[in-house]
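Right, one structure below, let's go through it.
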Amino acid sequence: MNEFTRRGFLGTAAAVGGTTVVTTALGGAPAAEAAVPEASGGGACGARTALVKVDRADRRYQDLVTRGFNGRFRGRPDVVYVVHTADQVVDAVNQAVAAGRRIAVRSGGHCFEGFVDDPAVRAVIDMSRMRQVFYDSGKRAFAVEPGATLGETYQALYLDWGVTIPAGVCPQVGVGGHVLGGGYGPLSRRDGVVADHLHAVEVVVVDASGRARKVVATSAADDPNRELWWAHTGGGGGNFGIVTRYWFRTPGATGTDPSALLPKAPTSTLRHIVTWDWSALTEEAFTRIIDNHGTWHQRNSAAGTPYASMHSVFYLNSRAAGQILLDVQTDGGLDGAEALLNDFVAAVNEGTGVEPVVQRTTEPWLRATLANKFDTGGFDRTKSKGAYLRKPWTAAQAATLYRHLSADSQVWGEVSLYSYGGKVNSVPETATATAQRDSIIKVWMSATWMDPAHDDANLAWIREIYREIFATTGGVPVPDDRTEGTFINYPDVDLTDPRWNTSGVPWYTLYYKGNYPRLQKVKARWDPRDVFRHALSVRPPG
């Protein structure tokens, strides 16, 4: 899940308790998993021991099957399993496989496509009650269960140890699916993607006989399960099994002091919100802003630059929204932080002849992070697309953006440009399954609406703008000298459709580049029956 049209924060993170230290058995899961104390951010997850099985006659059914983010899709599975431990996940998977039911997994429920709500899915495994966040001394790493939200995770890591992970801005998003796609956020230019800090995973897999079991895979070079760990560093969700626990530790971190094993959180968040009214934007001014923005990123996206701690999102909203908006932030504790943001805003606006409105705020880092109000803004239906840019938009692409966004239309569309690069690009593309390691901007496009009667108009709008922007490469961002494919956490089934992808480049190359054959080998070993699958899942070899 990424930044989206504004809405109120959906819920409150659980209160944070003291540090919980769990010692693990050699090479495996916690020695006494059922006895793990309730941990930071966890709620009452550990109190229940029985697997919950909800069918269509149960009064809880509707609440569980309508948790999905995108109202375009509503599933009707035979059963929803609410799980609290890894052993319960094993039990639920065994029951579903034995009954011949296709399985899907839900943690935060923020998938943009209908993978969980596919009519073919007959059993949903709901991970939302597995929410523990704690320090595991046996692995010298922080354990996070997949149902924990990003907000709960930030709160626990920061208040107990002063550290964080470079994940997304939406506090209500579940860790489960976010990490599997690689994960990124406001600290990624400084610290890399979330997957760069993933030390280990516990995964429930299904063998060739149809039996489920737990497997722990780590980043250790001598771990025989290492390829399974690697596949979870950006290989996407719903592919290899069900993750029941993540462990995070920054590569190269030494010692046993938990506060030295992950990146330090910023001391504060210094933020500038810059807005330009559509009424003041001529095509010349708009395209100059787009060119300035791209050129700045091309010059300032190397690791270690003074701007490495700066993050921005440029919301190029359609005219119906009234404004376009640049949200830029950095660590307020850095020397010269205010000057860095001022220089960036001035560079983006240079030569436009338009004076934007600038609002400046400074808040403590955790308060600012938990207060981010991003979701669907009351909208219920959405379609998204993505891309990575290695170079700025061309003049033709900027003109296409202007034509579609400035049109007098009721479509509430958005093209968001995220600062990228920095530390992300210092990691080789085969070191993790996250292959895009040479981009300066990440692009997310969306249309959002409420009325099903408006489906056709909104889908046509976003499909056409995407196809026209990438017209020279078959309507999609083919990995080449200008673009680097797209992001698996922005799943888009149109990429499998020759009506919208005429490039001749398959969808899996757009998402995984040259890492796809390696992911297929992991799939063959760990999910030989293709139990875990959806419209964009890794296909078994052959």
Should we say atom CZ of Arg299 is surrounded by more than 12 heavy atoms from elsewhere, each under 6.0 Å from it? no
Looking at Phe314, I want to see if its CZ is surrounded by more than 12 non-hydrogen atoms of other residues, nucleotides or ligands under 6.0 Å. yes
Basic-acidic side-chain contact under 4.0 Å: Arg437, Asp196: yes
Would you mind checking if Lys385 and Asp494 are paired as a salt bridge, meaning a charged N to carboxylate O distance below 4.0 Å? yes
Lys383 with Glu113: basic N within carboxylate O range, under 4.0 Å: yes
Please identify each residue that fulfils ring pair (Phe, Tyr, Trp, His ring centres under 6.0 Å) with Phe487, with sequence neighbours left out. Tyr184, Tyr490
Carboxylate-amine/guanidinium contact Arg72 Asp455, below 4.0 Å: no
When you check the side-chain N and O atoms of Ser416 and Glu414, is any donor under 3.5 Å from an acceptor? yes
Can you tell me how far NE2 of His293 sits from CD of Gln298, rounded to the nearest 0.5 angstrom? 13.0 Å
Do Glu468 and His404 get their side chains close enough for a donor-acceptor pair, meaning under 3.5 Å? yes
The residue among Lys513, Arg482, Arg390, Lys391 that forms salt bridge (Lys or Arg N to Asp or Glu O under 4.0 Å) with Asp438 is Arg390
Distance only, no hydrogens: is a donor on one side chain within 3.5 Å (strictly under) of an acceptor on the other, for Arg189 and Ser301? yes
Derivation of the side chain to side chain contact (heavy atoms under 4.5 Å, CB included) call for Asp331 and Leu270: CA-CA 6 Å; Asp331 184 345; Leu270 173 64; over 6 Å; no
Atom pair CG (Leu316) and CG (Leu325), whose distance is rounded to the nearest 0.5 Å: 10.0 Å
When you compare the side chains of Gln172 and His110, does any donor N or O come within less than 3.5 Å of an acceptor on the partner? no
Parallel, tilted or perpendicular: rings of Phe470 and Tyr466 (30°, 60°): perpendicular
Would you say Asn458 and Trp412 are linked by a side-chain donor-acceptor pair, where the criterion is simply a distance under 3.5 Å? no
When rounded to the nearest 0.5 angstrom, what is the spacing between OG in Ser309 and CG in Leu340? 9.0 Å
Sidechain N-carboxylate O distance under 4.0 Å for Asp126, Arg106: no
Does either side chain, that of Asn501 or that of Thr496, offer a donor lying less than 3.5 Å from an acceptor on the other one? no
I need the Arg463 CZ to Asp492 CG distance, nearest 0.5 Å. 8.0 Å
Looking just at side-chain N and O atoms, do Asp277 and Gln323 make a donor-acceptor pair shorter than 3.5 Å? yes
More than 12 heavy atoms from other groups under 6.0 Å of CD on Glu338: yes
Starting from the C-alpha separation in whole Å, work towards a yes-or-no answer on side chain to side chain contact (heavy atoms under 4.5 Å, CB included) for Tyr508 and Ile488. CA-CA 9 Å; Tyr508 48 80; Ile488 191 58; over 6 Å; no
For Asp481, look at atom CG and say whether over 12 heavy atoms of other residues, nucleotides or ligands are found less than 6.0 Å away. yes
Examine Tyr420 together with Tyr388 and report whether their ring centres are nearer than 6.0 Å. yes
Straight-line distance of Ile465 CD1 to Leu405 CG, nearest 0.5 Å: 4.5 Å
Does the distance from a Lys or Arg side-chain N to an Asp or Glu carboxylate O, for Glu363 and Arg271, drop under 4.0 Å? no
Checking side-chain polar atoms at under 3.5 Å, does Thr483 have a donor or acceptor matched by the opposite partner on Asp480? yes
Any donor and acceptor pair, going by atom type alone, linking the side chain of Asp118 with main-chain N or O of Gly114 inside 3.5 Å? no
Flag the pair Tyr402 / Phe286 as yes when their ring centroid distance falls below 6.0 Å, and as no otherwise. yes
Ignoring hydrogens and geometry beyond distance, is a side-chain donor-acceptor pair present between Thr295 and Asn292 at under 3.5 Å? no
Decide yes or no on side chain to side chain contact (heavy atoms under 4.5 Å, CB included) for Val443 and Tyr418, but give the supporting numbers first. CA-CA 6 Å; Val443 180; Tyr418 301 89; over 6 Å; no
So, His311 versus Thr330: side-chain donor-acceptor pair below 3.5 Å or not? no
Point-to-point distance, once rounded to the nearest 0.5 Å, from CG of Asn489 to CG of Leu180: 8.0 Å
More than 12 heavy atoms of other residues, nucleotides or ligands under 6.0 Å from CD of Gln410: is that the case? no
Please find out if less than 6.0 Å separates the ring center of Phe112 from that of Trp444. yes
